[in-house]
Amino acid sequence: FRNNMAAALLLRSVRPTSGFWLMGRNASTIPTLKHIKIRKEDNLAIVTLDRTDNPVNALNQEFGQELSAMLDYVESDESIAATVLMSGKKNDFIAGADINMLDACKDVKDFHAITGPVHQLFNKMETGKPIVAAIHGSCLGGGLELALACTYRVCAESPKTKFSFPEVMLGILPGAGGTQRLPSLIGLQAALPLMLTGSNVFPSKAKRLKLVDEVTDPYALETSAKMAAKELAAGSLKPNRGPKGTIAKLQKYILEQVPFGRNFVFDMARKQVMKQTRGNYPAPLKIIDVVETSAAAGFKSDAGFAAEALAFAELGVTSESKALRSIFFAQTACKKNPYPKAKTSPSTVTVVGAGLMGAGVAEVSVTKDYNVILQEMSLEGLSRGLTQVEKNLSKKVKKRQMSSFDMEKTMTKITGITNDDKNLTKVLKNSDLVVEAVFENVDVKHKIIKDMEASTNPHCVFATNTSAIPIAKLAEASKRPDKFLGMHYFSPVDKMPLLEIIRHKGTSDEAASIAYEVGLKQGKTPIVVKDVAGFFVNRCLGPYSDEGVALLQSGAAVEQINKAMLDFGFPVGPMSLVDEVGLDVAASVGKNLKGDLGIRVSASDPAMLDEAIAQNMLGRKTGSGMYLYPKGGSKSENPEMLALVEKYRAQIPQQSNSQEDIQMRMVSRFVNEAAYCLQDNIIDSPTVGDIGSVFGIGFPPFRGGPFRMVDEMGAQQLVDMMLRFRDANGSHFEPAQILVDYAKAGKKFHP
């Protein structure tokens with residue numbers, strides 16, 4: 001989300017400045033504003049919001065002042081009966097507020113000072129002459145809070161139109177009246193999930209929720225909004241947003257007006273939040289507290305707004321919010337292509353291999369307006385890949401995120417072709433970028449590289465999606481090594497946001513720029529990584545996984561390890577993760593890393609995994625691994641795996657580990673390897689390491705990534721802890737020299 005946080009971030013946006021407030025000017029004089037255009041049409045003010053210094057409408061202090069000036073003018077001009085508020089941007093109404101404003105706050109007092117003025121501004125909108133919001137594109141965070149302060153909302157039926165409160169993802173809450181106006185408008189049961197998850201709502205659902213009053217064709221948006229404004233001014237349009245039917249009215253009364261019913265709603269919400277977050281994120285719980293207080297006192301009451309303002313301030317200074325905001329800034333930094341603009345912009349992406357990964361790359365390319373050529377050995381394999389893309393797009397249609405027409409149009413942009421097709425060479429001539437996504441075999445990949453270079457134009461860039469083979473090794477087969485590099489996607493491609501771009505020594509800036517451009521357009525957050533075993537993410541994951549097996553072999557239980565890391569904040573426990581990845585893949589990655597990392601991936605006995613693989617216990621794909629996966633049933637611990645573990649435990653001294661010991665042994669191995677990567681120039685900054693870790697394997701976002709976590713706990717504390725682990729468990733806990741140096745100097749990785 002781009003700058004889409006609480007409108008409370010307006011930072012004193014409505015504080016008067018000398019000569020600025022326009023109340024009292026001649027009513028016939030339309031103010032000249034930088035970001036807002038006003039024109040009169042009949043008895044309406046048509047107001048267009050259009051930041052001149054930003055590609056999106058993002059709320060900031062200057063923008064807030066102009067909104068206030070516009071309201072003063074409208075209220076003072078007796079010839080204006082109502083206002084239509086619309087955007088001059090192509091794809092957004094208001095995308096939120098400027099997150100930089102949060103970082104200007106130093107303490108609770110600073111944060112608390114934000115909300116009062118913006119509450120006044122939006123209350124002014126709500127209580128003045130009728131305002132109709134004509135919404136097309138993103139209406140997020142503070143933008144949605146502004147829309148809720150309007151009298152009436154009309155939105156365009158478009159996949160680009162979406163509503164959300166993403167503040168929770170930044171560790172804060174809607175601070176410009178969102179916790180008051182949203183539940184007041186659509187009810188507690190509908191409002192809480194939107195604020196607690198930050199999920200997007202598209203037009204059809206927004207209408208069902210009564211978040212908007214009308215949904216119309218994009219070309220009719222302005223006309224519909226004008227009509228509604230005139231009817232509101234005349235008193236002939238009186239929106240009825242209450243529940244329909246006796247049962248719905250009774251349900252709303254019991255769950256929102258009766259204390260017992262309200263308590264039930266809030267208790268269930270808290271249980272769900274604790275189940276999903278394990279208490280690691282304070283913002284969702286604080287949102288529930290604020291809404292509960294406001295429901296008892298009355299939404300939009302002084303007590304409700306006061307509770308929102310106080311909670312916003314308290315959340316703003318938490319370490320969790322600071323970490324989540326740092327991730328936002330880091331992601332924004334990674335969204336800027338570090339290379340000179342390429343001479344040509346790709347229009348056609350060829351994907352070789354229509355398996356899970358290849359079909360995923362094809363999907364994220366074609367949905368971003370690339371022409372896609374999907375090449376596969378057999379017609380059967382090609383059909384499976386195309387079906388995967390079609391099924392995923394069908395889900396979007398079902399969720400009203402895409403129309404059936406757009407889905408069909410998108411599918412026509414994919415050209416499926418097999419290796420034996422007589423038109424293959426002719427079709428491939430259109431390729432600007434080739435992404436190879438076949439199984440990990442050097443000889444097979446070398447052949448594909450040679451065949452593709454013989455069939456494509458000289459400008460075509462070739463990228464391999466390998467996760468294990470050195471890019472330089474694969475580039476040996478290329479006659480155009482300057483146009484060869486790695487693009488490592490993560491599975492599932494349509495959901496995982498990270499893309500590792502790996503250059504070998506001969507990769508040109510032009511090729512890297514094209515790969516980066518394509519990754520950005522695909523919706524990925526790219527990071528550039530050195531060509532070493534495991535690149536960055538898998539290189540750090542290797543020691544982490546090794547420690548998990550070492551803990552298992554030294555006495556920790558499968559569920560004990562999983563629970564410890566889930567409680568620490570990882571989305572998946574390490575024992576479950578190895579089953580999802582596949583024990584064979586995990587073992588292969590470990591062996592691949594051993595040549596580079598040595599003891600750093602050698603704490604466990606790899607023979608145990610080899611024996612499990614020989615018994616076909618590969619994880620979910622074979623129905624058994626660390627767990628059993630019965631068809632149609634719930635997973636359970638695998639007794640055969642437990643017996644195998646016991647066999648290897650007999651050869652190793654057993655330990656009793658607390659949950660904290662398990663957590664810190666696991667996470668310190670990951671953090672230490674990330675530090676080695678920075679030390680050895682595998683990544684070029686702590687920011688890249690934090691983004692790669694959070695977006696690549698789900699390192700707990702509320703901790704900000706491995707380097708942000710070290711800053712929070714202190715490098716000296718981490719080094720001391722690792723030295724204790726080293727003395728007790730072995731030299732694989734030896735801290736990286738960069739950590740030792742930072743500890744001695746008292747330095748931090750981030751400013």
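Please read these numbers as outputs of a predicted model, since none were measured by experiment.
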Decide whether [X] and [Y] meet the rule of one side-chain donor and one side-chain acceptor closer than 3.5 Å.
| X | Y | value |
| --- | --- | --- |
| Asn729 | Gln655 | yes |
| Thr350 | Gln375 | no |
| Lys635 | Ser576 | yes |
| His732 | Asp546 | no |
| Asn392 | Gln388 | no |

Step-by-step salt bridge (Lys or Arg N to Asp or Glu O under 4.0 Å) determination, Asp596 to Arg539
CA-CA 10 Å; Asp596 266 22; Arg539 195 175 180 89; 3.1 Å; yes
Could you go step by step and tell me if Glu712 and Arg708 meet the salt bridge (Lys or Arg N to Asp or Glu O under 4.0 Å) rule?
CA-CA 6 Å; Glu712 182 68 22; Arg708 188 72 60 175; over 6 Å; no
[X] versus [Y]: any side-chain heavy-atom pair under 4.5 Å?
| X | Y | answer |
| --- | --- | --- |
| Ser478 | Phe462 | no |
| Leu642 | Glu646 | no |
| Cys334 | Thr525 | yes |
| Glu500 | Phe490 | yes |
| Met721 | Phe733 | no |
| Leu583 | Met641 | yes |
| Leu433 | Met487 | yes |
| Asn638 | Met626 | no |

Rounded to the nearest 0.5 Å, what separates atom [atom1] in [X] from atom [atom2] in [Y]?
| X | Y | atom1 | atom2 | answer |
| --- | --- | --- | --- | --- |
| Asp443 | His446 | CG | NE2 | 7.5 Å |
| Ser685 | Phe749 | OG | CZ | 11.5 Å |
| Phe570 | Leu577 | CZ | CG | 9.5 Å |
| Tyr489 | Met357 | OH | CE | 9.0 Å |
| Ser624 | Asn616 | OG | CG | 6.5 Å |
| Ile99 | Leu170 | CD1 | CG | 4.5 Å |

What is the minimum heavy-atom distance between [X] and [Y], and which atoms define it?
| X | Y | answer |
| --- | --- | --- |
| Asn592 | Ala468 | ND2-O, 3.3 Å |
| Ser365 | Val372 | CB-CG2, 3.7 Å |
| Pro701 | Val694 | CG-CG1, 4.0 Å |
| Met666 | Glu547 | SD-C, 3.8 Å |
| Ile683 | Phe536 | CG2-CD1, 3.6 Å |
| Leu499 | Gly519 | CD2-CA, 3.7 Å |

With the threshold set at 4.0 Å, does a side-chain nitrogen-carboxylate oxygen contact exist between [X] and [Y]?
| X | Y | result |
| --- | --- | --- |
| Lys521 | Glu517 | no |
| Lys473 | Asp531 | no |
| Asp661 | Arg724 | no |
| Asp494 | Lys395 | no |

Residues at least two apart in sequence or cross-chain that pass salt bridge (charged side-chain N to carboxylate O under 4.0 Å, His left out) with Lys563, listed by chain then number, are Asp567
Does atom [atom1] of [X] have more than 12 heavy-atom neighbours, drawn from other residues, nucleotides or ligands, at distances under 6.0 Å?
| X | atom1 | result |
| --- | --- | --- |
| Gln654 | CD | yes |
| Glu660 | CD | no |
| Lys335 | NZ | yes |
| Met377 | CE | no |

Could you go through Glu611 and Lys647, starting from their C-alpha distance and side-chain angles, then the distance that decides it, and tell me whether this counts as salt bridge (Lys or Arg N to Asp or Glu O under 4.0 Å)?
CA-CA 11 Å; Glu611 199 167 330; Lys647 173 183 172 181; 2.9 Å; yes
Stepwise, does the side chain to side chain donor-acceptor pair (under 3.5 Å) test hold for Asn562 with Tyr627?
CA-CA 12 Å; Asn562 259 2; Tyr627 294 91; 2.8 Å; yes
Under the criterion salt bridge (Lys or Arg N to Asp or Glu O under 4.0 Å), I'd like the reasoning laid out for Lys621 against Asp584: C-alpha separation, chi angles, the key distance, then a yes or no.
CA-CA 11 Å; Lys621 60 188 173 186; Asp584 53 337; 3.0 Å; yes
For the rings on Tyr544 and Phe699, is their centre-to-centre separation under 6.0 Å?
no
